[in-house]
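Basis for what follows: all heavy atoms, side chains included, without hydrogens, waters or symmetry-related copies. The sequence lines fix the lettering, A, B, ..., with proteins before strands; numbering per chain opens at 1.
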Protein chains: 2
Amino acid sequence: MNSLKQMVPKATLQRFPVYLKALRKLDNLGVQRIMSRELSEFVDIEPTTIRRDFSFLGSLGKQGYGYDVKALIDVFERHLGGRFEEKLIIVGAGNLGRALMNYNRWNHVVGEIVCAFDIEPNKTGAMYEIPVYPLSELKERIPEGCRIAILTVSKDVQETVNLLIEAGVKGIVDFTHEHIQVPKGVNIKAVDVVSMIQELVFETNSIS
Amino acid sequence: MNSLKQMVPKATLQRFPVYLKALRKLDNLGVQRIMSRELSEFVDIEPTTIRRDFSFLGSLGKQGYGYDVKALIDVFERHLGGRFEEKLIIVGAGNLGRALMNYNRWNHVVGEIVCAFDIEPNKTGAMYEIPVYPLSELKERIPEGCRIAILTVSKDVQETVNLLIEAGVKGIVDFTHEHIQVPKGVNIKAVDVVSMIQELVFETNSIS
DNA sequence: TATAGTTTGTGAATATTTTCATAATCTTCA
DNA sequence: TGAAGATTATGAAAATATTCACAAACTATA
């Protein structure tokens, strides 16, 4: 698509989704334009940081006016996959996998969950209108163009990841508690509630 | 407890749980000592960064030897709440809340889920041996010393957060998609699968 | 159209984080 | 015990990220 990554700082990259979420909410509230100073209070990021972050995607604002909310959302969606185009799969149809299948708030935001896979044949079939296939059929069943998988298996984690990578997956949202090794070019985002609680505990301890 | 926070860089803080997780795994594998260079390959963080991170908690290693895995785990657990002492609550007993109640891998790691709350009376009772109370009884039912809540409600988010803060909660693991306002001294960790997917999409787009 | 009042975008300054380079200190083995 | 080899801990340097400060450029109003 584009090759902005070389220039966009990592720190900025991590804030982009925050901005998009906030802008969508503002749009829903009927806000049509916003200034960096206002947005700052909303997302708790300094106005000047916001402006510099935005500047990596172009000159999106107007002096003396601010930013057009809808136009901004448009730009972010183009870069953050907000065009509902991503074909997502869930790998692991246990409790968490099922909850995520039913967690339909993300549909029509980044894409759709096309299907799921599970290693146990007795868990296949369909859940919440999402077909669940045996993991052994991954190669045949994986949707054309699928790049992102949500991983909720509880065993054989690395083996499963290897299968996904072979099948062309480039990004994994990882709900497991394992350390995963991936080759260059494959990204992992770990969702680890335990780690989050640990960070909270540390911060809470440190304050008092 | 201590007041390390002033000195420990934010970036370091975010890596602590990563180290703890890796060390626990190494311990399980029977590894008794480890050097920063070995650990580096495991967690994909530069050895020198690892050593500096560790140094904020003291001189934990020995020259020419490395680090003792169990001793290191001990130090991290002291700082990251690994003593199973945290009393956790889940607020919102919907699909996701239930999945998390049954996601018992975190018990005996940071603490235990003592109970859950839901605004709808017909969802109360008990699930997976965890009692579920009406949200209106939060003040009476919240466990003594509870500081951390896992938030999975889908509406009245800010109102619910306000209730939690009034009840003494200092840290929130946030599974909602809302922007939450909290006073100083209260920390939020947002678990946002959508945002993670967006980051992945951006990164994947940028590489090609 | 002109003027006053805003706010963006960005060079430069500052702050933070990572990495380099090496002294200090440990282990190991003869 | 001593010498060789290894690895940590850390001051200093480099890289990265944030914030300051202000010119440029817009809006709004008369």
Side-chain angles (χ1 to χ4, degrees), chain A residues 4-19 22-23 26 31-76 79 199 202-203 206, chain B residues 4-19 22-23 26 31-76 79 199 202-203 206:
Chain A
L4 284 169
K5 197 188 183 185
Q6 297 153 356
M7 298 137 70
V8 180
K10 276 184 205 165
T12 295
L13 204 84
Q14 292 187 329
R15 284 188 294 265
F16 278 169
V18 176
Y19 296 136
L23 289 166
L26 288 165
V31 178
Q32 296 187 345
R33 79 182 222 194
I34 194 157
M35 289 156 303
S36 58
R37 190 156 39 79
E38 296 175 299
L39 186 57
S40 170
E41 288 176 32
F42 213 72
V43 296
D44 201 31
I45 296 169
E46 289 298 310
T48 187
T49 303
I50 292 174
R51 291 202 299 277
R52 190 169 296 277
D53 282 350
F54 285 8
S55 76
F56 290 108
L57 299 179
S59 285
L60 310 177
K62 286 181 193 169
Q63 285 92 333
Y65 176 89
Y67 298 87
D68 183 87
V69 173
K70 278 196 194 303
L72 218 44
I73 289 173
D74 214 58
V75 171
F76 276 106
H79 289 285
E199 283 181 58
F202 189 93
E203 289 167 13
S206 301
Chain B
L4 285 170
K5 196 189 182 183
Q6 297 152 0
M7 297 137 68
V8 180
K10 276 184 207 165
T12 296
L13 204 85
Q14 292 187 329
R15 283 188 294 265
F16 279 168
V18 176
Y19 296 135
L23 290 165
L26 288 165
V31 178
Q32 296 186 346
R33 80 181 222 196
I34 193 156
M35 290 156 304
S36 57
R37 191 156 39 79
E38 296 175 299
L39 187 57
S40 169
E41 288 174 32
F42 214 72
V43 297
D44 201 31
I45 297 170
E46 290 297 309
T48 188
T49 303
I50 291 174
R51 291 202 298 277
R52 188 166 299 274
D53 283 348
F54 286 7
S55 76
F56 290 107
L57 299 179
S59 284
L60 309 178
K62 285 181 192 169
Q63 286 92 335
Y65 176 89
Y67 299 86
D68 183 87
V69 172
K70 277 197 193 305
L72 217 44
I73 289 173
D74 214 57
V75 171
F76 275 107
H79 289 286
E199 283 180 59
F202 189 92
E203 289 168 12
S206 302

Provide, to the nearest angstrom, the distance between the CE atom belonging to A:Met7 and the C1' atom belonging to D:dT16.
16 Å

First and last nucleotide of DNA chain C touching chain A, 5' to 3', heavy-atom cut-off 4.0 Å?
C:dT6 to C:dA12

Indicate whether OP1 or OP2 belonging to D:dG5 is found under 4.0 Å from a side-chain N or O atom of B:Tyr65.
no

Tell me, yes or no, whether the heavy-atom count around A:Glu38 atom CD, taken from other residues, nucleotides or ligands under 6.0 Å, exceeds 12.
yes

From CZ of A:Arg52 across to P of D:dA21 the rounded distance in Å is 14 Å

Contacting residues from residues 31-48 of chain B, given that a heavy atom lies under 4.0 angstrom of DNA chain C
B:Arg33, B:Glu46, B:Thr48

Rounded to whole Å, NZ of A:Lys10 lies from C1' of D:dA15 at a distance of 11 Å

Between CD1 of A:Ile50 and P of D:dT18 the distance, given in whole Å, is 12 Å

Would you kindly give the CG-to-P distance between A:Asp68 and D:dC26, to the nearest whole Å?
15 Å

Using 0.5 Å steps for rounding, measure from the CZ atom of B:Arg33 to the OH atom of B:Tyr65.
5.0 Å

Distance in angstrom units between A:Arg51 CZ and D:dA24 C1', rounded:
13 Å

Summary of side-chain hydrogen bond (donor to acceptor under 3.5 Å, both in side chains) pairs that have at least one residue in residues 43-55 of chain B, sequence neighbours excluded
B:Thr12-B:Asp53, B:Arg15-B:Asp53, B:Tyr19-B:Asp53, B:Ser36-B:Arg51

What's the verdict on side-chain contact (heavy atoms from CB on, under 4.5 Å) for B:Leu57 and B:Phe16, showing C-alpha distance, side-chain angles and the deciding distance?
CA-CA 10 Å; B:Leu57 299 179; B:Phe16 279 168; 3.8 Å; yes

Find which nucleotide of DNA chain C each of A:Phe54 and A:Gly64 is nearest to by heavy atoms, and output the residue with the more 5' nucleotide.
A:Gly64

Within a strict 4.5 Å, meaning less than it, do heavy atoms of the B:Leu72 and B:Phe54 side chains meet?
yes

Should B:Leu26 and B:Ile73 count as side-chain neighbours, where that means a heavy-atom distance under 4.5 Å?
no

Quick note, A:Gln63 side chain, CB onward, closest among D:dT19, D:dA24, D:dT27 is D:dA24

What residues, two or more places apart in sequence or in another chain, satisfy side-chain hydrogen bond (donor to acceptor under 3.5 Å, both in side chains) together with B:Lys70?
B:Asp27

To the nearest 10°, give me the bend of the helix from C:dT1-D:dA30 to C:dA30-D:dT1, comparing the axes of its five terminal pairs at either end.
20°

Got a sec, which residues hit side-chain hydrogen bond (donor to acceptor under 3.5 Å, both in side chains) with B:Tyr67, two or more places apart in sequence or on another chain?
none

Closest heavy-atom contact between A:Ile45 and A:Ile50?
O-CD1, 3.6 Å

Atom CZ of B:Phe76 and atom CG of B:Leu60: how far apart are they, to the nearest 0.5 Å?
7.0 Å

